[in-house]
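Just the heavy atoms: all of them, side chains too, but no hydrogens, waters or symmetry mates, feed the values below. Below, read A as the first sequence line, B as the second, and so on, with proteins coming before strands; counting in each chain starts at 1.
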Number of protein chains: 2
Amino acid sequence: MTDVKVGPNPLFLRDEELIQGIELLFYAYRDFTGDPDAVLAEYGFGRAHHRVVHFVSRNPGMSVAELLEILRITKQSLSRVLGQLVERGFIVQKKGTRDRRQRLLYLTETGTDLAASLAEPQKRRVARAYREAGAEAVEGYRKVLMGLIGDGSREAIVRSFRRR
Amino acid sequence: MTDVKVGPNPLFLRDEELIQGIELLFYAYRDFTGDPDAVLAEYGFGRAHHRVVHFVSRNPGMSVAELLEILRITKQSLSRVLGQLVERGFIVQKKGTRDRRQRLLYLTETGTDLAASLAEPQKRRVARAYREAGAEAVEGYRKVLMGLIGDGSREAIVRSFRRR
DNA sequence: ACCTTTACGTCAGTCATGTTGACATATATT
DNA sequence: AATATATGTCAACATGACTGACGTAAAGGT
């Protein structure tokens with residue numbers, strides 16, 4: 001850590017690359033999450049609502065527990081946001097048939113519209129970046145991001161992607 | 001939005017691919033930002049402190065305005081966090097010599113140590129992902145992330161990277 | 001048929017981090 | 001001398017996270 005640059009250190013450059021990799025992630029995420037804010041503000045929602053709507057949109061009929069696992073927040077945190085979305089008619093909860101303790105989550109028609117208009121600016125941004133970078137770069141982008149994801153969740157994500 | 005695939009879209013620009021690109025960014029950022037939490041907790045600091053320490057570490061002598069521009073938060077938000085870091089001896093502020101209104105930011109020795117131990121787990125994560133994905137993938141990762149960054153900041157970031 | 005565990009919800013309090021708006025001070029620029 | 005800029009500060013508030021405790025219904029094991 002406190003090893004000062006001792007002569008021509010090949011590791012120094014490598015360190016710099018890693019930090020740039022970190023900063024790129026920060027900057028991209030910063031700008032990317034800002035995109036839907038205008039839409040959210042129209043509805044009086046925040047980014048937490050966006051995340052919920054997004055993942056329910058992608059996984060209709062998912063359980064609360066599955067959603068919590070993805071978001072990595074407590075149920076108390078989720079409950080407020082989810083409650084508002086249900087109350088205002090963007091999400092409905094249906095008892096599971098196999099396990100009736102579960103409250104499976106679905107978007108309403110309004111919720112689907114919201115999800116679409118939130119996704120739109122982000123898709124546009126990603127599409128532009130993909131187009132400018134080219135298919136091969138996209139492959140690398142995916143590969144590295146996949147490697148950045150913790151071992152615990154990677155498998156589930158890969159599987160969910162393959163189901164498409 | 002509701003434009004179904006009109007004509008032959010290149011595969012990597014299909015809707016599904018774009019959404020996966022979005023989700024990968026979410027998951028990677030989620031896990032990546034969690035890494036230093038343990039270290040932060042030891043000091044009673046949060047992620048906001050981390051960001052400040054990181055960018056001051058990378059840009060010693062930067063002005064408050066520059067930091068605000070990077071973080072994209074208000075000066076009132078920054079002031080609390082920055083104030084704590086100064087008060088507890090991780091950052092010092094020195095009047096600019098060219099422009100004495102500026103309070104230029106520097107890490108103390110303690111601050112440098114903190115920065116290093118916060119960066120460490122993140123660098124390790126990035127290093128692993130880079131290693132597993134290979135140099136070509138890393139090139140693609142960088143290219144795409146750079147494209148995701150808003151036009152306003154991209155240039156400054158490219159320049160800051162080149163200065164290294 | 002019990003007993004325990006699980007899935008989910010809720011109440012209550014707290015904390016971290018962001019926001020707006022108003023105003024103050026020192027210094028630079030015109 | 002007047003204005004603009006860099007920074008700081010006070011105050012009030014919103015969002016989204018947390019912990020801890022407790023409740024209910026349904027599932028699962030004995």
Side-chain angles (χ1 to χ4, degrees), chain A residues 26 29-30 33-34 36-56 61-88 91-106, chain B residues 26 29-30 33-34 36-56 61-88 91-106:
Chain A
F26 166 80
Y29 195 80
R30 179 196 67 181
T33 50
D37 281 353
V39 182
L40 288 167
E42 286 174 31
Y43 291 83
F45 285 145
R47 289 178 183 178
H49 301 86
H50 181 191
R51 290 193 285 272
V52 169
V53 165
H54 172 89
F55 285 108
V56 173
M62 78 191 306
S63 71
V64 172
E66 286 168 338
L67 184 52
L68 287 174
E69 168 58 28
I70 287 177
L71 298 177
R72 297 276 171 85
I73 58 175
T74 60
K75 61 178 178 176
Q76 296 93 325
S77 280
L78 175 59
S79 108
R80 227 174 334 198
V81 166
L82 183 54
Q84 291 166 4
L85 287 166
V86 169
E87 195 189 333
R88 293 181 46 190
I91 286 185
V92 286
Q93 297 178 285
K94 300 184 190 173
K95 283 193 181 178
T97 48
R98 221 189 44 229
D99 183 339
R100 281 170 34 211
R101 291 172 303 183
Q102 295 181 323
R103 296 298 128 88
L104 307 183
L105 305 172
Y106 298 88
Chain B
F26 167 79
Y29 194 79
R30 179 197 66 179
T33 49
D37 282 353
V39 182
L40 288 167
E42 285 174 32
Y43 291 83
F45 286 146
R47 291 176 183 179
H49 301 87
H50 181 191
R51 291 192 285 272
V52 169
V53 166
H54 171 90
F55 285 107
V56 173
M62 79 191 304
S63 71
V64 171
E66 286 167 339
L67 184 52
L68 286 174
E69 167 58 26
I70 287 178
L71 299 176
R72 297 275 171 85
I73 58 176
T74 58
K75 63 178 177 177
Q76 295 94 325
S77 278
L78 175 59
S79 104
R80 226 175 339 201
V81 166
L82 183 55
Q84 290 164 6
L85 287 166
V86 169
E87 194 189 333
R88 293 181 47 190
I91 286 185
V92 285
Q93 297 179 285
K94 299 184 190 171
K95 283 194 183 181
T97 47
R98 220 191 42 228
D99 182 339
R100 279 171 36 211
R101 290 171 305 178
Q102 295 181 323
R103 295 298 127 87
L104 306 184
L105 305 171
Y106 298 87

Handout entry: Note, B:Phe55 side chain near B:Leu105 side chain (heavy atom, < 4.5 Å)
Key = no

d([atom1], [X]; [atom2], [N]) in whole Å:
X: A:Phe45; N: D:dG16; atom1: CZ; atom2: C1'; answer: 15 Å
X: A:Leu67; N: C:dG9; atom1: CG; atom2: C1'; answer: 15 Å
X: B:His49; N: C:dC15; atom1: NE2; atom2: P; answer: 14 Å
X: B:Leu85; N: D:dG8; atom1: CG; atom2: P; answer: 13 Å
X: B:Glu87; N: D:dG8; atom1: CD; atom2: C1'; answer: 15 Å
X: A:Arg80; N: C:dT14; atom1: CZ; atom2: C1'; answer: 11 Å
X: B:Leu82; N: C:dA16; atom1: CG; atom2: P; answer: 17 Å
X: A:Arg100; N: C:dT6; atom1: CZ; atom2: C1'; answer: 15 Å

Between [N] and [X], is there an OP1 or OP2 to side-chain N/O distance shorter than 4.0 Å?
X: B:Ser79; N: D:dT9; result: no
X: B:Arg101; N: D:dT7; result: no
X: B:Thr74; N: C:dT19; result: yes
X: B:Arg51; N: C:dG18; result: yes

By nearest atom, which of the nucleotides [options] is closest to the [X] side chain?
X: A:Val64; options: D:dA26, C:dC8, D:dG16; value: C:dC8
X: A:Gln76; options: C:dC8, C:dT17, D:dA21; value: D:dA21
X: B:Gln93; options: D:dG8, C:dT27, C:dT19; value: D:dG8
X: A:Gln102; options: C:dC8, D:dA27, C:dT19; value: C:dC8

Handout entry: B:Thr97 vs B:Lys75, nearer the 5' end of DNA chain C by closest nucleotide
Key =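 This one resolves to B:Lys75.
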
Practice task
Using a heavy-atom cut-off of under 4.0 Å over every strand shown, decide if B:Arg47 touches base, sugar-phosphate, or nothing.
Solution key: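 Counting heavy atoms under 4.0 Å across all strands, the contact made by B:Arg47 is with sugar-phosphate only.
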
Handout entry: A:Arg51 side chain to A:Ile70 backbone, donor-acceptor under 3.5 Å
Key = no

Fill in the blank from the handout: On DNA chain D, more 5' by nearest nucleotide between A:Gln84 and A:Gly96 is A:Gln84

Handout entry: Straight-line distance of A:Leu82 CG to A:Gln93 CD, nearest 0.5 Å
Key = 5.0 Å

Practice task
State whether A:Tyr43 and A:Arg88 meet the cation-pi test: NZ (Lys) or CZ (Arg) under 6.0 Å from the six-membered ring centroid, and within 45° of the perpendicular axis.
Solution key: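 No, A:Arg88 does not sit over the ring of A:Tyr43.
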
Exercise for the section: Mind running side-chain contact (heavy atoms from CB on, under 4.5 Å) on A:Arg103 and A:Lys95 for me, showing each step along the way? Expected result: CA-CA 5 Å; A:Arg103 296 298 128 88; A:Lys95 283 193 181 178; 3.8 Å; yes

